[in-house]
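The structure displayed is predicted, hence computed values, not measured ones.
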Amino acid sequence: MRAGLSLGEEVFADGGCSVLAVSRPGYGRTPLTAGESPAAFADATAELCTHLGIGAVTAAVGVSAGGPTAVAMAAYHPDLVQRLILQSAVGPLPWPDRRTSVGARLVFAPGTEGMTWSAVHALLRLAPDLGLRLLLRDLTVLPVRDMLAALQPEHRARLVGLFSRMRSGHGFVHDLQSLRTPTTLAHMAARICRPTLIIASRKDAAVPFPHAEALSSAIPDAELVESQADGHFVWFGRDWPSTAERIRVFLTRPETKPVLLRRTSG
């Protein structure tokens with residue numbers, strides 16, 4: 001994911017917020033030098049907000065592997081961040097599993113990443129159903145055929161379009177390095193003094209539900225919402241309308257202001 005790919009921002013726009021979408025190091029056009037760790041990139045993003053004249057954001061939103069950077073934003077820049085929202089976010093537990101880590105270093109390495117995504121994009125053009133089966137099987141604990149069968153046609157089309165534009169650049173391999181120290185994330189989470197909304201599904205195989213539970217336990221003022229989605233993409237769950245309403249209520253408390261910062265996923 002990068003800032004140019006849209007996923008779930010509608011709920012924030014509907015809540016009256018403007019959205020500042022930021023590509024993390026290695027994704028999009030953001031160089032790795034923008035932040036070697038989530039805390040370092042949080043500092044860089046805070047400087048960006050200052051440069052843009054943004055003195056406060058309604059919420060920092062962390063999606064998937066972008067979660068730790070959003071946590072760092074709330075922990076180290078509480079004067080800037082009024083709220084924290086974490087969606088399918090990596091928490092203070094080891095991530096990813098060894099199989100995923102070893103495989104990612106092979107297929108997403110600088111010399112092979114471009115070829116990998118070219119093959120994915122070609123497969124989605126020629127055989128979209130097969131492509132979705134291959135891409136979604138590691139994102140759900142369910143048999144992937146069951147997840148696909150439950151997808152609404154418009155959601156299936158959105159996923160094909162999303163995957164067809166994805167590129168991990170140097171970002172995912174960088175994540176494997178920068179997110180190796182879950183104890184650091186736990187310490188950052190314990191520092192947070194802002195209201196936090198955590199949304200996750202027990203059927204998520206990419207970032208298992210215990211990550212959400214660990215974040216909920218570590219962050220003092222956190223509310224955990226269990227999504228009924230069939231995998232990592234909580235936006236396509238059958239209960240998303242009610243979850244979206246909870247987000248809007250969370251954002252529109254009297255003390256919030258109409259600016260929002262989103263942290264893109266890996």
Side-chain angles (χ1 to χ4, degrees), residues 1-10 19-38 40-42 44-45 48 61-70 87-90 95-97 99-140 144 148 151 155-180 204-207 231-236 261-266:
M1 290 293 290
R2 59 184 183 277
L5 298 182
S6 177
L7 182 63
E9 288 91 343
E10 298 89 350
V19 179
L20 174 62
V22 183
S23 296
R24 294 185 299 108
Y27 296 97
R29 297 182 180 179
T30 303
L32 295 177
T33 53
E36 295 184 359
S37 68
F41 189 59
T45 306
L48 173 63
V61 182
V63 179
S64 194
T69 305
Q87 300 173 318
S88 302
V90 172
W95 181 89
D97 59 61
R99 182 179 68 87
T100 301
S101 181
V102 171
R105 292 181 188 279
L106 293 175
V107 300
F108 296 121
T112 58
E113 181 267 348
M115 292 184 290
T116 296
W117 282 109
S118 293
V120 168
H121 298 162
L123 179 60
L124 288 167
R125 286 194 307 271
L126 299 172
D129 286 347
L130 175 59
L132 282 181
R133 285 201 299 273
L134 293 175
L135 291 165
L136 294 176
R137 64 183 180 183
D138 291 330
L139 303 183
T140 179
V144 69
L148 280 171
L151 275 177
H155 291 166
R156 185 187 296 253
R158 285 187 64 188
L159 282 171
V160 170
L162 185 68
F163 283 124
S164 295
R165 297 180 60 206
M166 279 187 178
R167 281 290 301 268
S168 52
H170 297 284
F172 191 42
V173 173
H174 177 261
D175 285 342
L176 298 179
Q177 176 70 26
S178 65
L179 302 180
R180 287 191 310 171
D204 186 351
V207 182
H232 191 58
F233 293 101
V234 295
W235 310 271
F236 302 141
L261 173 66
R262 179 175 70 84
R263 197 61 65 203
T264 60
S265 74

With side chain to side chain contact (heavy atoms under 4.5 Å, CB included) as the test, would you mind laying out the steps for Val63 and Met1 before giving the verdict?
CA-CA 10 Å; Val63 179; Met1 290 293 290; over 6 Å; no
Please round to the nearest 0.5 Å and tell me the distance separating atom CZ of Arg24 and atom OG1 of Thr45.
10.5 Å
Residues at least two apart in sequence or cross-chain that pass salt bridge (Lys or Arg N to Asp or Glu O under 4.0 Å) with Arg125, listed by chain then number, are none
Within the distance-only criterion (no hydrogens, no angle test), does the side chain of Gln177 pair as donor or acceptor with the backbone N or O of Asp175 below 3.5 angstrom?
no
How many angstroms lie between CG in Leu106 and OG1 in Thr116, if you round to the nearest 0.5 Å?
9.5 Å
Does Phe233 reach the side chain of Thr140, with side-chain heavy atoms less than 4.5 Å apart?
no
What's the shortest heavy-atom distance between Glu9 and Ser6, and which atoms?
OE1-OG, 3.0 Å
Using a 6.0 Å cut-off, check whether atom NE2 of His121 has over 12 heavy atoms from anything other than its own residue.
yes
Arg167: partners by side-chain hydrogen bond (donor to acceptor under 3.5 Å, both in side chains), with sequence neighbours left out
Glu113
I'd like to check the side-chain hydrogen bond (donor to acceptor under 3.5 Å, both in side chains) partners of Trp235; sequence neighbours left out, ordered by chain and number.
none
Which residue pairs pass the salt bridge (charged side-chain N to carboxylate O under 4.0 Å, His left out) test when at least one of the two sits in residues 27-37, sequence neighbours left out?
none
Tightest non-hydrogen contact, residues Ala89 and Gly62, listed as CB-O, 4.0 Å
Quick one: does any side-chain atom of Thr30 pair with a main-chain N or O of Ser23 as donor and acceptor, under 3.5 Å?
yes
Which pair of non-hydrogen atoms, one from Trp95 and one from Ala206, has the smallest distance, and what is that distance?
NE1-O, 3.0 Å
Would you name the heavy atoms of Phe108 and Val173 that are closest together and state the gap between them?
O-CG2, 3.2 Å
Are the side chains of Val90 and Pro96 in contact, using a 4.5 Å heavy-atom criterion?
no
Do you know which two heavy atoms are closest between Ala40 and Gly35, and how far apart they sit?
CB-CA, 4.0 Å
Quick check: do Leu123 and Val120 have side-chain heavy atoms less than 4.5 Å from each other?
no
When rounded to the nearest 0.5 angstrom, what distance separates CG in Leu159 from CG in Leu124?
10.0 Å
Side-chain heavy-atom pair Asp138, His232 within 4.5 angstrom cut-off
no
About how many Å separate OH of Tyr27 and CG of Leu5, when rounded to the nearest 0.5 Å?
11.5 Å
Provide the closest heavy-atom pair for Ala34 versus Phe41 in the form atom of the first, atom of the second, distance.
O-CD1, 3.6 Å
Taking the side chain from Trp117 and the backbone from Arg165, do they hold a donor-acceptor pair closer than 3.5 Å?
no
What's the separation between atom OG in Ser64 and atom CG in Asp204, rounded to the nearest 0.5 Å?
7.5 Å
Contacts of Thr100 that satisfy side-chain hydrogen bond (donor to acceptor under 3.5 Å, both in side chains) - sequence neighbours left out:
Asp97
Quick one, Met166 with Leu162, criterion side chain to side chain contact (heavy atoms under 4.5 Å, CB included). Give me CA distance, side-chain angles, the key distance, then yes/no.
CA-CA 6 Å; Met166 279 187 178; Leu162 185 68; 3.9 Å; yes
Straight-line distance of Ser168 OG to His174 NE2, nearest 0.5 Å:
13.5 Å
Only distances under 3.5 Å count here; give the side-chain donor-acceptor pairs of residues 129-137 to other protein atoms, sequence neighbours excluded, each with its distance to 0.1 Å.
from	atom 1	to	atom 2	distance (Å)
Asp129	OD1	Arg156	NH1	3.3

